[in-house]
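To keep things clear, I will list the structure first and then write my remarks on it.
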Amino acid sequence: MARASEIREMFDTIAARYDRANHWLSLGLDLRWRRTMARSLPLDADAAVLDVCTGSGDSLLCFRRPLGLRVGLDFSRSMLTLAYRKARRRHVAIVWVEADALRLPFRAEVFDAVTIAFGLRNLADPPAGLREFFRVLRPGGWLAVLEFTLPRWGPWRWVFGLYLNRLLPVLGGWLTGHRAPYEYLRRSIQAFPHYEALQAWLTQAGFQPTTLRPLAGGVATLYLAQKPDRAGRRERGEGE
Ligand SMILES: C[S@@+](CC[C@H](N)C(=O)[O-])C[C@H]1O[C@@H](n2cnc3c(N)ncnc32)[C@H](O)[C@@H]1O
């Protein structure tokens, strides 16, 4: 695992070309995945949502309006600047916070939902991050984690592996002028826990048993988890 300062520096370096590279490297699927994440959460119109590792802010722009409060948090100032400009162009009110995901500058139990897209893998201590998300969620609140995974189906896993190992670093380097972040992306996806292993972390952090939804055949997965309400029950869930 790279150090937090190295990760921040890496994202500061590629910020200007981050969106364009993302959309090309995923053939536009990244936008659809974030929309799926945002719309899977059963939120009321006055809900307070925190997007951790918000990057260029796309996840928060995917939620249907209105929402009570949108907060985007990241430790890369260059990424936040990009996010701020994008939200202003689209006239969406978002509070941007420059901070570390492992030390959220919020009181306990203030958010109805916490989302994190392609960010958990980058934290120095992902289980500690999940505990921090649990802390700031109100009882009954939702956590959505969107993360790359390795497909379970052998042939598709082989094809995706070929893409990750051979194409991604070259294309990423070409699109951003920096190859190292895409070598890191490849390594971090392969080393990160997938599916039930990540669900186990969620359970250990205190969340209720979760649903997982593979996207694009398992290239990415959406994990939904809920903080139990005060009586320890699960509230209304996805599609219920
Ligand atoms: C791969 S990007 C994902 C950005 C965005 N969520 C998206 O879907 O495109 C990861 C982001 O996490 C941020 N990040 C990584 N570790 C962090 C930490 N410990 N605290 C806050 N932000 C962090 C990086 O600065 C970067 O903007």
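As the structure is a prediction and not an experimental result, all values here were calculated from the model. All values below were derived from every heavy atom in this structure, side-chain atoms included, with hydrogens, water molecules and symmetry-related copies excluded. Order of appearance sets the numbers: ligands from 1, and atoms from 1 within every ligand.
- Residues Asp74 and Thr54 bring no donor and acceptor atom of their side chains to less than 3.5 Å of each other.
- Glu196 and Arg152 are joined by a salt bridge, as a carboxylate oxygen and a charged side-chain nitrogen come within less than 4.0 angstrom of each other.
- Formation of a donor-acceptor pair under 3.5 Å by the Arg138 side chain with backbone atoms of Phe111 is not found in this model.
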Measure and list all N/O to N/O distances between ligand 1 and the protein that fall under 3.5 angstrom.
{"residue": "ligand 1", "atom": "6 (N)", "partner": "Cys53", "partner atom": "O", "Å": "2.8"}
{"residue": "ligand 1", "atom": "6 (N)", "partner": "Ala117", "partner atom": "O", "Å": "2.8"}
{"residue": "ligand 1", "atom": "8 (O)", "partner": "Arg34", "partner atom": "NE", "Å": "2.8"}
{"residue": "ligand 1", "atom": "8 (O)", "partner": "Arg34", "partner atom": "NH2", "Å": "3.3"}
{"residue": "ligand 1", "atom": "8 (O)", "partner": "Ala117", "partner atom": "O", "Å": "3.4"}
{"residue": "ligand 1", "atom": "9 (O)", "partner": "Tyr18", "partner atom": "OH", "Å": "2.7"}
{"residue": "ligand 1", "atom": "9 (O)", "partner": "Arg34", "partner atom": "NH2", "Å": "3.0"}
{"residue": "ligand 1", "atom": "19 (N)", "partner": "Asp100", "partner atom": "OD1", "Å": "2.9"}
{"residue": "ligand 1", "atom": "20 (N)", "partner": "Ala101", "partner atom": "N", "Å": "2.8"}
{"residue": "ligand 1", "atom": "22 (N)", "partner": "Phe75", "partner atom": "N", "Å": "3.2"}
{"residue": "ligand 1", "atom": "25 (O)", "partner": "Asp74", "partner atom": "OD1", "Å": "2.6"}
{"residue": "ligand 1", "atom": "27 (O)", "partner": "Asp74", "partner atom": "OD1", "Å": "3.3"}
{"residue": "ligand 1", "atom": "27 (O)", "partner": "Asp74", "partner atom": "OD2", "Å": "2.7"}

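- Judged by distance alone, with hydrogens and angles left aside, the side-chain atoms of Lys227 form no donor-acceptor pair with the main-chain N or O of Trp142 at under 3.5 Å.
- Of all heavy-atom pairs spanning Arg70 and Phe63, the tightest one is NH1-O, 3.5 Å.
- Using a cut-off of 4.0 Å between Lys/Arg side-chain N and Asp/Glu carboxylate O, Arg34 and Asp30 are scored as salt-bridged.
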